[in-house]
Amino acid sequence: MLESIGYRLRRLELKDLPKKVEWVNNKEINETLLFDYPISLSETEEWYKRTYFNRTRWDFVIEDIVSESVIGMTGLINVNMRHRNAQLFITIGERGYWNKGIAKKAIPDVLRFAFAELGLEKVYLYTLANNIKARALYEKVGFYQEALKSKEYFIHGKLNDLYHHAFDRESFVKKYGDGR
């Protein structure tokens, strides 16, 4: 468990899946995600059982410390120990926590886990062209744009541009320290 001011990160548990389903099926949230919807609770439970012990992903919930409410989800997918990289994802699902700086605090914690605990050298992420606010946030915390792939990703009924950002261990240590 990783704890910071106002929130904690903990492993995703079975009891958290209804929130995941709710947020993925929320049109406003889903329009910036890189997978189609809707999803059902039963298929999400099956996904959870298949992936829980899979070390190519680490799924966390963001939990408000005071209320113990799950307010978002984050983690690493496509963890590749050979190439020492992984893909970051984050979603603040509870509207009352939007624009409160939670993601800005949580992202460095996930990166610290990636670099210090897993020994990765690079963490990357993708955003759709419509996710301007997220790209601005990612760049504030230290990600840099590596590529823009035009009409790369078919989702929501059309081909979308896909932005690729990355953050390497050396840059992270310069900005945040090694976190050990």
Side-chain angles (χ1 to χ4, degrees), residues 1-5 7-12 16 20 23-24 29-36 47-48 50-63 71-93 101-156 159-180:
M1 184 180 320
L2 303 169
E3 207 162 293
S4 192
I5 299 171
Y7 74 93
R8 72 175 58 95
L9 297 180
R10 64 167 174 76
R11 289 290 304 274
L12 177 70
D16 304 316
K20 179 179 177 67
W23 296 334
V24 169
I29 293 170
N30 187 273
E31 69 185 14
T32 62
L33 300 179
L34 294 174
F35 55 91
D36 286 321
W47 162 85
Y48 178 82
R50 282 191 320 273
T51 62
Y52 185 80
F53 293 107
N54 182 337
R55 291 302 72 159
T56 64
R57 65 180 303 130
W58 290 84
D59 293 281
F60 301 104
V61 296
I62 305 168
E63 186 176 68
I71 59 174
M73 297 190 179
T74 187
L76 301 165
I77 59 174
N78 303 318
V79 176
N80 188 316
M81 296 309 291
R82 178 176 182 203
H83 299 298
R84 303 271 184 238
N85 62 40
Q87 181 180 344
L88 174 89
F89 71 90
I90 188 164
T91 300
I92 305 300
I102 301 294
K104 186 177 179 182
K105 294 179 205 170
I107 291 170
D109 288 337
V110 176
L111 292 171
R112 192 169 287 106
F113 173 79
F115 297 131
E117 299 298 323
L118 298 180
L120 301 181
E121 291 295 327
K122 185 178 195 178
V123 175
Y124 60 92
L125 58 86
Y126 299 107
T127 57
L128 297 171
N130 66 347
N131 208 351
I132 297 164
K133 287 174 74 174
R135 276 194 304 285
L137 167 67
Y138 297 139
E139 290 173 5
K140 266 186 200 165
V141 299
F143 280 86
Y144 46 90
Q145 183 177 323
E146 286 195 317
L148 169 57
K149 298 177 179 187
S150 180
K151 295 185 180 180
E152 177 74 12
Y153 203 82
F154 189 85
I155 193 163
H156 308 305
L159 277 172
N160 290 268
D161 293 347
L162 196 63
Y163 287 78
H164 178 131
H165 282 72
F167 205 156
D168 60 79
R169 177 199 291 268
E170 184 178 333
S171 298
F172 180 83
V173 169
K174 283 180 185 170
K175 187 169 179 81
Y176 296 101
D178 70 2
R180 292 175 198 230

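The shortest distance between side-chain heavy atoms of Phe115 and Val173 does not fall below 4.5 Å. Ile107 has its side chain out of reach of Thr74: every pair of non-hydrogen atoms, C-beta onward, lies at least 4.5 Å apart.
For an aromatic pair to be called close, the ring centres must be under 6.0 Å apart, and Phe113 with Phe60 satisfies this.
With sequence neighbours excluded, the residues forming a salt bridge (charged side-chain N to carboxylate O under 4.0 Å, His left out) with Glu121 are Arg169, listed by chain and number. Residues satisfying the salt bridge (charged side-chain N to carboxylate O under 4.0 Å, His left out) test with Glu152, not counting sequence neighbours, are none.
The main-chain N or O of Leu34 is found under 3.5 Å from a side-chain atom of Tyr153 such that the two form a donor-acceptor pair. Formation of a donor-acceptor pair under 3.5 Å by the Asn160 side chain with backbone atoms of Ile155 is found in this model. With Arg112 contributing its side chain and Phe172 its backbone, the two residues share no donor-acceptor pair below 3.5 Å.
Between Phe167 and Phe143, the ring-plane angle classifies as perpendicular under the 30° and 60° cut-offs.
Taking NE2 from His165 and CG from Leu148, the interatomic distance works out to 9.5 Å, rounded to the nearest 0.5 Å. The structure places CG of Asn85 at 11.5 Å from CG of Leu118, a figure rounded to the nearest 0.5 Å.
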Could you go through the side chain to side chain contact (heavy atoms under 4.5 Å, CB included) check for Ile62 and Ile90 one step at a time?
-> CA-CA 9 Å; Ile62 305 168; Ile90 188 164; 4.0 Å; yes
Where do Asp161 and Lys151 land on the side chain to side chain contact (heavy atoms under 4.5 Å, CB included) test, with the steps shown first?
-> CA-CA 5 Å; Asp161 293 347; Lys151 295 185 180 180; 4.1 Å; yes
For side chain to side chain contact (heavy atoms under 4.5 Å, CB included), just list the numbers for Asp59 and Tyr52, CA-CA rounded to whole Å, side-chain angles, deciding distance to a tenth of an Å, and then say yes or no.
-> CA-CA 8 Å; Asp59 293 281; Tyr52 185 80; over 6 Å; no
Check the pair Val24, Asn30 against side chain to side chain contact (heavy atoms under 4.5 Å, CB included), reporting the backbone distance first and the verdict last.
-> CA-CA 6 Å; Val24 169; Asn30 187 273; 3.9 Å; yes
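Between the side chains of Asp109 and Tyr7, at least one donor-acceptor pair of N or O atoms lies under 3.5 Å. Remark: the Glu31 side chain and the His156 side chain contain no N/O donor-acceptor pair separated by less than 3.5 Å. Between the side chains of Arg57 and Thr51, no donor-acceptor pair is found at a separation under 3.5 Å. For the residue pair Asp168/Tyr144, the side-chain donor-acceptor check at 3.5 Å is satisfied.
Nearest approach of Pro108 to Ala103, heavy atoms of both residues: CD-O, 4.4 Å. Scanning both residues, Asp16 and Arg11, for their nearest heavy atoms gives OD2-O, 4.1 Å.
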Result block: side-chain N/O donor-acceptor pairs under 3.5 angstrom for residues 75-84, not counting sequence neighbours:
from: Asn78; atom 1: ND2; to: Gln87; atom 2: OE1; distance (Å): 2.9
from: Asn80; atom 1: OD1; to: Arg82; atom 2: N; distance (Å): 3.1
from: Asn80; atom 1: OD1; to: His83; atom 2: N; distance (Å): 2.8
from: Arg84; atom 1: NH1; to: Met81; atom 2: O; distance (Å): 3.0

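A salt bridge links Glu170 with Lys174: the closest approach of a Lys/Arg side-chain nitrogen to an acidic carboxylate oxygen falls below 4.0 angstrom.
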